[in-house]
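Numbering of ligands and ligand atoms starts at 1, following listing order.
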Amino acid sequence: MKTERLICVSNRLPTGDAPSGGLVVALADVLAETGGTWVGWSGASAGTASAALAPVEGGPFRRLAFDLTDAEVAGYYAGYANAVLWPILHARADLMDIVHEDLAVYKAVNRRLAGMLIDVIAPDDIVWVHDFHLLPLAWELRALGAANRIGLFLHTPFPAPQDMAALPNAGEVAGWLSQHDLVGLQTEADVRKFRASLSALAEARAGEDGIVELGRRATRVAAFPISIDTREFAELAVAEHRSLPPGIVKPDRALVIGVDRLDYTKGLPQRFRAFAAFLERHEDWHRHVSLLQISPPTREGVAAYDAIRDETEALAGRINGQFADITWAPIRYIHRHVARERLAGLYRAARVALVTPLMDGMNLVAKEYVAAQDPADPGVLVLSQFAGAAEQMQDALQVNPHDIEQVAAAIHSALVMPPRERRRRQERLMEGLLAQDVHWWSAAFLTALRGPRPSQPSA
Ligand code: ADQ
C-alpha cells in the first residue's frame, strides 16, 4: 500500500544533523520513509522576507526553511503568538498585550508561508501543522485551493469558553480551526473545552462522535497525549548518571529538581514559596536537602517574561538569604540551557521532581523524570493537577500548585516515602510511559489523519 508523503510544518525548523528531542525523533522515521519534508522558520531574521522555501543541507529528512523580517518576528512571533495567543491558551487573559497590527502581521506571515508551501505540496500529500503559531495556515492553504488532508496538533491547552471570549478575534480563530480535517489536542479535558468553546461561538455544533461542525466545515477533534521516547531516555539516564561530576550529589543531601523554561505558566514563584514553607515546617531537613532549579531563558523581550525572571530571581535570593548557612544554600538556580544528556543524569540522581505548572499542555519533564528513574530505588514525582500529564500520570503525587501548604506537605511526603510505595508508583507510571510513548503518539495522530475524512455538512 502506498503511503502518502508527510509534510510537517512548525514554527521552528529542527536544527542539527541528527534528530534529537522526542518530537523530531518520532517524526524523522515517518518523514524519511515517505520521502516527506519538514518546513519551518530558520530562526534568522533580516531586512527582507524570503519569497520561496530554501533547502537546508544535511539531516535524515528533507528540510525547507523560510526567513522572517525583524518586523515579522516582532509582530507574528513575539506579538500575536506569544503575547496574545500564549496567555489566552494558558488562561492568563490578564497578561495579553493586544496590538492590532500584530494580528495583521501574524496573518500575513501565515499567508506568505501558505503561498510558498502550495508550490511544494502534491495533491495527495498529507500536511501536519504544529502549534499556535500557525493556526491560520490551513485556512490560507484552502484559499489557495489545497484539498489535502490537513491536521493540526496544538501543544498547549485549549482555552475554556470564558478565556476564548477574551480573544479579540475568537470567531476568526474558530474559522481557522474549522479548516483542518483533524485537530489533535493534548488531553480529554482539552477536547471538552474545544467543544464547549466552539459551541459558544455562533454556528458551531459539537456532535457525539468527535466531529465539530463550524459553519460549513466539519472537523474531527481528539486527544493525542504527546510523550517522549521512553526507552531511549531511560537508557540515556543510566549512562549519564554514571558520568555525573563528583560532588553534584552528596550522600547526606537529597536532591530535589525542577526543570522548566522560565515561563509564567510554570509556577516557579509558587514552587519556591512551597519549598520555603517546607523548610520552615521541617528544620530537621535543613542542610539535608537542596532544590536545583534549571530554567533557561525563553521569549526574552516579551514583557511578561522579564517580569517573571525578576520575580523568580528575587525569591530565590530571599529564600537563600533566609535559610542558607556557610555550608548550604537551599536553592541552586541555573538560568541556562543544560545538555539533554546531563539533564537525564540529574533526573536519575534526584529524589524528588517538582513539576508544578499553573497550566501546561502536557509537560514532558514529568515524563522524562519518571523514565530516568532507577526502578529499584526510584525518586518521586510531585505533579500539578493542571499539567496535561496529570490525566495519564495518576500515580504521581498530584498537587494544586496554588496551595502552597499542600505542595510543601507533598515535598515532605515525597522525601520520606517508603521504598515499597515509591517502587509501586514508579512501576505503574513507567508502564504507562512505555505503552504510550512518542512513537505511539505520532502513529495515533497519523492513523487518525489518514482515516476517513469527516463528511462535510451540506451547504
Ligand atoms: P514546553 O512548554 O517547552 O513545551 P515541556 O513539555 O516541559 O514544556 O518540554 C520542555 C522540554 O525542554 C523538555 O524536553 C525539557 O527536558 C527541555 N528543557 C527544559 N529546560 C531545559 C534546560 N534548562 N536545558 C535543556 N533542556 C531543557 C510545549 C508545551 C508543553 C508540551 C510540549 C510538547 O508548553 O505543555 O508538553 O510543548 O507538546
*Give the single entry among R342, H90, H155 that approaches atom 33 (C) of ligand 1 most closely by any heavy atom.*
H155
*Looking at ligand 1, does R340 have a heavy atom less than 4.0 Å from it?*
no
*asked:* Are F224 and F153 an aromatic pair, judged by ring center distance below 6.0 Å?
replied: no
*Looking only at heavy atoms, is any part of L364 under 4.0 Å from ligand 1, and if so is it the side chain, the backbone, or both, or is it neither?*
both
_Heavy-atom protein neighbour under 4.0 angstrom from atom 23 (N) of ligand 1_ = yes
*What part of L343 sits under 4.0 Å from ligand 1 if we count only heavy atoms: the side chain, the backbone, both or neither?*
side chain
*Within-cut-off N or O pair, M362 and ligand 1, under 3.5 Å*: yes
*Short N/O distance, under 3.5 Å, between E368 and ligand 1?*
yes
*In terms of the angle between their ring planes, are H335 and Y333 parallel, tilted or perpendicular, with boundaries placed at 30° and 60°?*
parallel
*Can a non-hydrogen atom of V338 be found less than 4.0 Å from any atom of ligand 1?*
yes
*Between Y77 and W41, is the gap from one ring center to the other below 6.0 Å?*
yes
*Is any NZ, NE, NH1 or NH2 atom of the basic residue among D181 and R142 found under 4.0 Å from an Asp or Glu carboxylate oxygen of the other?*
yes
*Could you see which bit of R336 sits under 4.0 Å from ligand 1, with heavy atoms only: side chain, backbone, both or neither?*
backbone
*asked:* If the cut-off is 4.0 Å to any non-hydrogen atom of P296, which atoms of ligand 1 fall inside it?
replied: 20 (N), 21 (C), 22 (C), 23 (N)
*May I ask you to say whether E172 pairs ionically with K107, meaning some side-chain N is under 4.0 Å from a carboxylate O?*
yes
*asked:* Looking at D377, is its backbone amide N or carbonyl O close enough to the side chain of Q426 to form a donor-acceptor pair, meaning the two atoms are under 3.5 Å apart?
replied: no
*asked:* I'd like to check which ligand 1 atoms, numbered from 1 as shown, lie under 4.0 Å from a non-hydrogen atom of V259.
replied: 19 (C), 20 (N), 21 (C)
*asked:* Taking the ring centre of each residue, are H439 and W441 less than 6.0 Å apart?
replied: no
*So among Q392, K367, E431, which one has a side chain to side chain donor-acceptor pair (under 3.5 Å) with Q436?*
Q392
*Given that the side chain starts at C-beta and the backbone is N, CA, C, O, which of these parts of Y347 lies under 4.0 Å from ligand 1, counting heavy atoms, or is it both or neither?*
side chain
*asked:* List ligand 1 atoms under 4.0 Å from W86, heavy atoms only on the residue side.
replied: 34 (O)
_Against the six-membered ring of W86, is R299 placed for a cation-pi contact (under 6.0 Å from the centre, within 45° of the normal)?_
yes
*Answer yes or no: is there a donor N or O on one side and an acceptor on the other, between the side chain of R348 and the main chain of A372, under 3.5 Å?*
yes
*For ligand 1, is any non-hydrogen atom under 4.0 Å from F132's backbone (N, CA, C, O), its side chain (CB onward), both, or neither?*
neither
_Working note: E4 + N148, criterion side chain to side chain donor-acceptor pair (under 3.5 Å); need CA distance, chi angles, decisive distance, verdict._
CA-CA 11 Å; E4 303 88 349; N148 304 61; over 6 Å; no
*If we only count N/O pairs under 3.5 Å, is R261 in contact with ligand 1?*
yes
_Top protein contact for atom 36 (O) of ligand 1, by heavy-atom distance_ = N363 N, 2.9 Å
*How does K266 reach ligand 1, by side chain, by backbone, by both or by neither, if only non-hydrogen atoms under 4.0 Å count?*
side chain
*Is atom 13 (C) of ligand 1 close to the protein, meaning a heavy atom under 4.0 Å from it?*
yes
*Which ligand 1 atoms does G361 reach within 4.0 Å, using its non-hydrogen atoms?*
35 (O)
*Sub-3.5 Å donor-acceptor pair from the side chain of H412 to the main-chain atoms of A409, do we have one?*
no
